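Just so you know, these numbers come straight off a predicted model, no measurement behind them.
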Amino acid sequence: MSTETSQTTGSGYRSPLLDRLPGAVPADGVDAGVAAHYGDLFREQRALASGHGFVDLSHRGVVTVSGPERLSWLHLLLTQHVSELPAGRATEALILSPHGHIEHALYLVDDGATVWIHVEPGTTGELVAYLQKMKFFAQVEIADATADYAVVFAAGTSGPEVPEAAAVRQLPYGRDLLVARAALADAVVGLGPEAGLWAYEALRVEGHRPRLGFETDHRTIPHELGWLETAVHLQKGCYRGQETVARVHNLGRPPRRLVFLHLDGSEESLPAHGDPVRLAADGPEGRPVGFVTTAVRHHELGPIALALVKRNTAPDATLLAGRVAASQELIVEA
């Protein structure tokens with residue numbers, strides 16, 4: 001990652017919106033640099049859920065791939081079928097290790113000349129290095145565009161035009177806007193009330209949408225998270241890790257599965273990422289059957305979480321997420 005990009009979204013990054021918008025409370029960890037909330041978590045959630053407002057995601061990385069062979073070349077590297085991706089259609093894709101473990105999650109759209117990709121904070125450098133290594137003689141140009149472009153999420157399936165947007169990813173629940181970083185403050189004008197990462201994450205958990213580095217560890221395969229439905233095309237081959245994807249899909253089941261947890265609302269604190277999940281019947285000292293990936297407070301559902309558990313964990317078993325009692329809902333078939 002270049003020095004300029006590191007200063008833009010790496011350690012020490014601070015979004016200009018933190019200083020312009022009242023009540024902004026900075027997030028920490030991998031999401032440092034943007035707002036966790038603006039003083040009223042549930043109001044912010046309700047606004048997003050009703051299709052109003054925006055979320056500052058300017059700490060995320062942005063990568064572009066241009067050139068006449070961009071789609072056919074990416075098709076060889078990604079889990080998704082993108083060789084004939086229509087301009088303007090949003091999709092997701094993964095890059096896997098040779099053993100099928102998830103290394104990168106890409107959120108992309110092609111505008112007819114350039115593929116625009118946004119990724120998790122801190123992963124841009126490794127992604128660009130890998131893409132450059134795989135370029136060979138393909139007619140493509142790969143760029144880390146994080147220093148020049150930022151991501152904003154706008155809730156709702158429709159809304160005002162954003163002249164500053166270089167690309168738009170239209171989603172069932174909103175739009176990812178890739179805007180000139182220098183015009184970030186202007187781009188959010190007219191998008192409705194501001195909402196922080198905590199509100200965005202609460203709706204992500206409700207929607208069962210996995211996130212790299214939260215729902216994944218070094219041995220996660222796509223089948224465990226339900227990413228086969230959104231980020232993997234099972235009828236294409238020719239990508240690293242494809243043999244594992246096909247073998248597990250056709251001959252077996254993944255060793256773990258993502259579950260949605262309803263947490264005991266009488267507890268004051270939420271379990272942390274990585275806290276062990278155990279069978280409630282075994283007590284707080286029992287052998288772990290998994291771990292908490294993301295826990296949040298939802299404006300309607302109360303405290304909820306995602307967790308990755310062993311596949312043979314009984315779907316109707318009451319669990320302990322950390323020390324908080326929890327009931328399960330299936331996301332991935334048991």
Side-chain angles (χ1 to χ4, degrees), residues 8-9 13-28 30-62 88-92 107-109 111 116-121 145-146 148-209 211 294 296-302 304:
T8 303
T9 61
Y13 171 70
R14 183 177 175 84
S15 170
L17 299 183
L18 282 173
D19 298 317
R20 292 189 73 254
L21 299 175
V25 176
D28 56 15
V30 70
D31 290 323
V34 296
H37 63 86
Y38 295 91
D40 192 338
L41 171 62
F42 292 153
R43 177 192 60 77
E44 295 165 33
Q45 282 187 40
R46 286 191 290 269
L48 292 182
S50 66
H52 299 93
F54 70 90
V55 182
D56 179 7
L57 301 178
S58 63
H59 62 316
R60 292 182 63 83
V62 178
R89 178 179 297 175
T91 192
E92 301 175 22
Y107 301 85
L108 57 113
V109 66
D111 67 4
W116 294 83
I117 304 166
H118 70 81
V119 296
E120 288 294 329
T146 312
D148 297 318
Y149 292 93
V151 184
V152 174
F153 172 76
T157 55
S158 63
E161 294 294 322
V162 181
E164 296 82 6
V168 178
R169 295 185 69 249
Q170 185 69 56
L171 305 167
Y173 49 88
R175 296 174 292 160
D176 287 340
L177 309 174
L178 291 107
V179 304
R181 189 168 290 277
L184 178 59
D186 293 331
V188 301
V189 174
L191 293 181
E194 60 274 11
L197 253 295
W198 287 4
Y200 183 81
E201 285 288 277
L203 299 185
R204 178 181 70 81
V205 171
E206 179 193 16
H208 305 168
R209 296 190 294 273
R211 183 178 174 188
T294 307
V296 297
R297 297 190 186 278
H298 191 274
H299 69 288
E300 289 183 340
L301 301 176
I304 55 176

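- Remark: R211 engages D31 in a salt bridge, criterion side-chain N to carboxylate O under 4.0 Å.
- Side-chain N or O atoms of E44 include one that pairs as donor or acceptor with a backbone N or O of Y38 at under 3.5 Å.
- A donor-acceptor pair is defined here as one N or O able to donate and one able to accept, closer than 3.5 Å; no such pair exists between the side chain of E164 and the backbone of V179.
- Q170 contributes no side-chain N or O that, together with a main-chain N or O of A90, makes up a donor-acceptor pair within less than 3.5 Å.
- Between F54 and the choices L177, V188, V162, the side-chain contact (heavy atoms from CB on, under 4.5 Å) rule is met once, by V188.
- Heavy-atom minimum distance, L184 versus A150: CD1-CB, 4.4 Å.
- In this structure, CG in D111 is found 7.0 Å from CH2 in W116, a value given to the nearest 0.5 Å.
- Under the 3.5 Å distance criterion, the side-chain polar atoms of R181 are matched with a main-chain donor or acceptor of S58.
- With contacts defined as side-chain heavy-atom distances shorter than 4.5 Å, the pair L197/H59 qualifies.
- Other residues, nucleotides and ligands contribute at most 12 non-hydrogen atoms within 6.0 Å of the NE2 atom of H52.
- Counting non-hydrogen atoms of other residues, nucleotides and ligands closer than 6.0 Å to CG of D28 gives a total of 12 or fewer.
- H118 places a side-chain heavy atom less than 4.5 Å from the side chain of D176.
- A distance-only check finds a donor-acceptor pair linking the side chain of R204 to the backbone of R209 [under 3.5 Å].
- A donor-acceptor pair under 3.5 Å is absent between the side-chain atoms of E206 and the main chain of A202, judged by distance alone.
- Cation-pi geometry between R60 and F153 is not satisfied (NZ or CZ under 6.0 Å from the ring centre, within 45° of the ring normal).
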- Task: Evaluate the side chain to side chain contact (heavy atoms under 4.5 Å, CB included) criterion for residues R175 and V152: first the C-alpha distance (whole Å), next the side-chain angles of each, then the deciding distance (0.1 Å), finally the verdict.
- Result: CA-CA 8 Å; R175 296 174 292 160; V152 174; over 6 Å; no
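- Counting only distance, with no hydrogens or angles, the side chain of T146 and the backbone of V62 share a donor-acceptor pair below 3.5 Å.
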